[in-house]
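Data block below; observations after.
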Amino acid sequence: MREQKRIDEQFRRMAELEPWRTPDSCKNHIEQILETLPDTPVKEETMGNMLKKRTLILAAALAAFVGTTAMASGLFRWNEKAAENFGNPAEEEQDAMTMEGLAREQQVSASDAGIIITAKQTVQDKNTLYILLDIQAEEAVIDGNGGFDRTAEDGTYGEPWLITEQEDAFGNVSMGFTPDTPAFETLSDHGYYEISALKTIGREWSEKEVTVHFTEYNYYTYENGDTVPHTIRGNWTLTLPLGEDTMLEKRVCEPEQPVDICGASVHVKRVEISPLSLLLVFDMDDRDRLMEMLYPNEEDVYLKETEVTGFLDQDGKEIPIRMGGMNGSYDFDNREVTIQIGLGNYVEAEQVSAVLLGDEKIPVPLP
């Protein structure tokens, strides 16, 4: 048994010297393979043969995983526009997310009323789902002010844009053309459309697919200083498969000290940050006191003083962020307020030293 452990340790050292980066999911599979190999004691003179045997088995396992990695990185590349919108994550991060089912290439299309919608990419973690759509129109009807909707024939609302097996799978959905789409300018026949959906807080995610359903496209023309609305009715339905594993690695911190916001002490009890999303858990009583102090006798106030406005890296430099949607929930039993945020750009969680709050960018240090 002791010799067996020595050999296992030797394999690990050999693997660490290899030049490639093995995703954590592959490492876990390799560990499982090693655990299933026999632990039968062997004599010293047979150790060489045992080493060769285990080397061949491990090499076969590595070959399979390396081949899968090559397939993921070679055939299922991130869409260039999706990568650009997330701030161009490192290639190894893109490959790891593809391998783990968090990022998927999509090629589902729907065509009607002179507009073709093609899904290009989905990216998700436990909190958020991002969908990138390519929009191609027969005529120039696209600029940054246009958008899709789902209404009935009589124009009434109430139907969700995203359809899942379980109702209320999402707590917040926002969408629109990518920020670099020109607005109030000459209309185009092509553009990229983003959907950012926050999964319902505290609910286990079990959806294997999501359906995007639109029934109209609205856009505007600008004539003699007037804004003229236009509506194109249609039926665009795209069903997109999703990866089963949505547990992207996250960092969990529990700041010990409250921070001073406008003279009030506010405790951020927990911070969960992944490359795609952020959770902040505030002490409810602290937030209530801050709101009463700043906005006495007012109702339905958005407390912008506790809004996340950025991060600091390990050198104290600001990391700007693009918001991909926000949601919140109240736990009255534990007196906690949870704020859930989808990040519009990829963030290396381990590089974040503090979360910034409000226009004053008050830092909440992360231990």
Side-chain angles (χ1 to χ4, degrees), residues 78-87 97 101-112 115-137 142-151 157-181 183 190-201 205 207-219 232 234-243 246 248 274-278 321-327 340-346:
W78 270 53
N79 175 270
E80 183 177 349
K81 186 64 177 179
E84 176 187 325
N85 292 346
F86 273 97
M97 292 177 67
L102 302 168
R104 292 179 66 102
E105 180 185 38
Q106 305 284 352
Q107 290 295 339
V108 181
S109 293
S111 178
D112 197 11
I115 297 176
I116 302 173
I117 303 177
T118 303
K120 306 300 288 185
Q121 180 95 47
T122 54
V123 185
Q124 66 173 329
D125 68 1
K126 69 169 293 187
N127 290 310
T128 184
L129 171 65
Y130 168 88
I131 303 171
L132 178 67
L133 304 176
D134 181 288
I135 312 298
Q136 184 68 54
I142 295 172
D143 74 357
N145 298 308
F148 290 90
D149 213 331
R150 186 183 179 193
T151 60
Y157 291 87
E159 298 294 336
W161 303 308
L162 298 183
I163 304 169
T164 51
E165 182 178 358
Q166 301 294 324
E167 293 184 0
D168 301 323
F170 298 109
N172 177 287
V173 179
S174 59
M175 61 185 183
F177 284 100
T178 54
D180 59 354
T181 305
H190 180 260
Y192 287 99
Y193 202 71
E194 296 178 298
I195 301 176
S196 296
L198 289 174
K199 301 173 182 179
T200 301
I201 297 174
W205 177 262
E207 306 298 332
K208 301 298 190 299
E209 63 183 26
V210 63
T211 296
V212 180
H213 189 195
F214 298 133
T215 58
E216 68 180 36
Y217 174 70
N218 299 292
Y219 71 102
I232 299 175
N235 188 353
W236 300 273
T237 303
L238 303 88
T239 298
L240 313 178
L242 301 173
T246 62
L248 186 63
S274 85
L276 304 179
S277 65
L278 176 70
I321 62 172
R322 184 163 68 93
M323 307 292 280
M326 184 171 64
N327 195 22
Q340 178 193 45
I341 299 169
L343 300 178
N345 53 295
Y346 188 93

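For Asp149, the side-chain hydrogen bond (donor to acceptor under 3.5 Å, both in side chains) criterion is met by Trp161, not counting sequence neighbours. When the side-chain hydrogen bond (donor to acceptor under 3.5 Å, both in side chains) test is applied to Thr178, the partners found at least two apart in sequence or on another chain are Asp180, Thr181. For Asp143, the side-chain hydrogen bond (donor to acceptor under 3.5 Å, both in side chains) criterion is met by Tyr222, not counting sequence neighbours.
Nearest heavy atoms, Thr128 versus Leu276: CG2-O, 3.7 Å. Minimum interatomic distance between Ile142 and Ala137 (heavy atoms only, all atoms of both residues): CD1-CB, 4.3 Å. Nearest heavy-atom pair across Ile131 and Val210 is CD1-CG1, 4.3 Å. Between Gly325 and Ser174 the shortest heavy-atom distance is CA-OG, 4.4 Å. Scanning all heavy atoms of the two residues, the minimum distance from Met326 to Asn172 falls at O-ND2, 3.1 Å. Across every non-hydrogen atom of Ala169 and Thr164, the tightest pair is CB-OG1, 3.4 Å.
The structure places CG of Leu240 at 7.5 Å from OG1 of Thr211, a figure rounded to the nearest 0.5 Å. Note that the CG atom of Leu132 and the OH atom of Tyr193 stand 12.0 Å from one another [nearest 0.5 Å]. Thr237 contributes atom OG1, which lies 9.0 Å from atom CD1 of Ile117 (distance to the nearest 0.5 angstrom). Distance check, rounded to the nearest 0.5 Å: CH2 of Trp236 to NE2 of His213 gives 9.5 Å. Atom CD in Gln107 sits 10.0 Å away from atom CD in Gln121 (nearest 0.5 Å).
Between Thr118 and Val108, every side-chain heavy-atom pair lies at or beyond the 4.5 Å cut-off. Using a 4.5 Å heavy-atom cutoff, the side chains of Lys199 and Phe170 are in contact. Here the side chains of Ile135 and Ile115 are in contact, with some heavy-atom distance below 4.5 Å. Residues Arg150 and Ile163 have side chains in contact (heavy-atom distance under 4.5 Å, counting atoms from C-beta outward).
Between Phe148 and Phe214, the ring planes are parallel. Angles under 30° get that label, and only those over 60° would be called perpendicular. Using a 30° and 60° split on the angle between ring planes, Tyr219 and Tyr217 fall in the parallel class, below 30°.
Side-chain atoms of Asp112 do not come within 3.5 Å of backbone N or O of Gly234 as any donor-acceptor pair. Listed for the Glu207 side chain is no donor-acceptor partner under 3.5 Å among the backbone atoms of Leu242. Using a distance-only test at 3.5 Å, with no hydrogens or angles considered, a donor-acceptor pair links the side chain of Gln106 to the main chain of Pro241.
Enclosure of atom CD in Glu167 is not indicated, since only 12 or fewer non-hydrogen atoms of other residues, nucleotides or ligands lie within 6.0 angstrom.
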message = Please evaluate residues Leu343 and Ile341 with respect to the criterion side chain to side chain contact (heavy atoms under 4.5 Å, CB included), reporting the C-alpha separation (whole Å), side-chain torsions for both, the decisive distance (0.1 Å), and the verdict.
response = CA-CA 6 Å; Leu343 300 178; Ile341 299 169; 4.2 Å; yes

task = Take Lys126 and Trp205, measure what side chain to side chain contact (heavy atoms under 4.5 Å, CB included) needs, and give me the verdict at the end.
result = CA-CA 7 Å; Lys126 69 169 293 187; Trp205 177 262; over 6 Å; no

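Side chains of Thr151 and Glu216: a donor on one and an acceptor on the other come within 3.5 Å.
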